[in-house]
Amino acid sequence: MVTKFQKRVYEKLQQVPKGKVTTYKELAKAVKSKAYRAVGTAMKKNPFAPKVPCHRVINSDGYVGNYTAPGGINKKIELLRKEGVIVQNHYIDLNKYLYIF
DNA sequence: CTCGTGACTTACG
DNA sequence: ACGTAAGCCACGA
């Protein structure tokens, strides 16, 4: 099922424009919560894909993180590059691509 | 209700 | 700088 918490997260995530990314931390902050891990769990579920761009969510350091969908982490990077995001060795330049709500 | 798990973060040695 | 441990929250069994 889709919990209220997840809805909030997905809604915020949809605000991230193409060519930009956000971090689990920022996303959690955006929903006034510190459930960084729960955010990750929500992405894993992602009942609204591809409506919800879960591939635009990365770790606070710029590391792409994980990705359970078919294709794995590699696919995630592909998608990001297609959107114009430069990804190097699983890392993204937050100063250029981090989207702040 | 309690326990275990995870697409995380921060602190410490 | 790097690896490990602890802290965190939400969710399913």
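Proteins come first, then strands; the chains are lettered A, B, ... in the order of their sequence lines, and each starts at number 1.
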Would a single hydrophobic cluster contain both A/Tyr36 and A/Leu13, if residues Ile, Leu, Val, Met, Phe, Trp and Tyr are joined by side-chain heavy-atom contacts under 4.5 Å? no
Over how many whole Å does the gap from A/Tyr10 atom OH to C/dA10 atom C1' extend? 11 Å
Heavy atoms within less than 4.0 Å of DNA chain B: which residues of residues 26-36 of chain A have one? Give them sorted by number. A/Tyr36
If the condition is side-chain contact (heavy atoms from CB on, under 4.5 Å), which residues does A/Glu11 pass it with, not counting sequence neighbours? none
Are A/Val52 and A/Phe101 linked, directly or through other ILVMFWY residues, by side chains that come within less than 4.5 angstrom of each other? yes
I'd like a table of donor-acceptor pairs (distance under 3.5 Å, sequence neighbours excluded) in which one partner is a side-chain atom from residues 20-28 of chain A, with atom names and distances.
{"from": "A/Lys20", "atom 1": "NZ", "to": "A/Lys96", "atom 2": "O", "distance (Å)": "3.2"}
{"from": "A/Thr23", "atom 1": "OG1", "to": "A/Glu26", "atom 2": "N", "distance (Å)": "3.0"}
{"from": "A/Glu26", "atom 1": "OE2", "to": "A/Lys29", "atom 2": "NZ", "distance (Å)": "3.2"}

Residue pairs passing the side-chain hydrogen bond (donor to acceptor under 3.5 Å, both in side chains) test where at least one lies in residues 40-64 of chain A, sequence neighbours excluded: A/His55-A/Glu83, A/Arg56-A/Glu83
Contact list (N/O, under 3.5 angstrom) for nucleotides 11-13 of chain B vs protein:
none

Measuring centre to centre across the rings, with the benzene-like ring taken for any Trp, is A/Tyr97 within less than 6.0 Å of A/Tyr99? no
Please tell me whether A/Ile100 and A/Leu80 are part of a single hydrophobic cluster in this structure, the criterion being side-chain heavy atoms less than 4.5 Å apart. yes
Contacts under 3.5 Å, N or O only, protein and nucleotides 1-6 of chain C:
none

Give, for atom CD of A/Gln15 and atom OH of A/Tyr10, the distance between the pair rounded to the nearest 0.5 Å. 15.5 Å
I'd like a list of close polar pairs between nucleotides 11-13 of chain C and the protein, N/O only, cut-off under 3.5 Å.
{"from": "C/dC11", "atom 1": "OP1", "to": "A/Thr3", "atom 2": "OG1", "distance (Å)": "2.2"}
{"from": "C/dC11", "atom 1": "O3'", "to": "A/Lys45", "atom 2": "NZ", "distance (Å)": "3.4"}
{"from": "C/dG12", "atom 1": "OP1", "to": "A/Lys45", "atom 2": "NZ", "distance (Å)": "3.1"}

Between A/Ser33 and A/Ala35, the two heavy atoms sitting closest are OG-N, 3.0 Å
Determine whether A/Ile58 and A/Ile77 fall in the same hydrophobic cluster, where Ile, Leu, Val, Met, Phe, Trp and Tyr are linked whenever their side-chain heavy atoms lie under 4.5 Å apart. yes
Check the hydrophobic clustering (I, L, V, M, F, W, Y; side-chain heavy atoms under 4.5 Å; chains of links allowed) and say if A/Ile73 and A/Met43 are grouped together. no
Which donor-acceptor pairs under 3.5 Å do the side chains of residues 85-94 of chain A make with protein atoms, sequence neighbours left out?
{"from": "A/Asp93", "atom 1": "OD1", "to": "A/Asn95", "atom 2": "N", "distance (Å)": "3.0"}

Residues touching DNA chain B, which here means a heavy atom under 4.0 Å, drawn from residues 90-101 of chain A: none
Any residue in residues 52-63 of chain A with a heavy atom nearer than 4.0 angstrom to DNA chain B? Just list them by number, or reply none. A/Cys54, A/Asn59, A/Ser60
side-chain hydrogen bond (donor to acceptor under 3.5 Å, both in side chains) contacts touching residues 64-76 of chain A (sequence neighbours left out): none
Tell me, which of residues 68-82 of chain A have any heavy atom that sits under 4.0 Å from an atom in DNA chain C? none
So do the side chains of A/Val2 and A/Phe48 get within less than 4.5 Å of each other, counting heavy atoms only? yes
Describe the nucleic acid contact of A/Lys44 in one word from base, sugar-phosphate, nothing, applying a heavy-atom distance below 4.0 Å. base
Within this structure, what is the CZ-to-P distance between A/Arg8 and C/dC9, rounded to whole angstrom? 14 Å
Nearest whole angstrom, please: distance from the C1' of C/dC8 to the NZ of A/Lys25. 14 Å
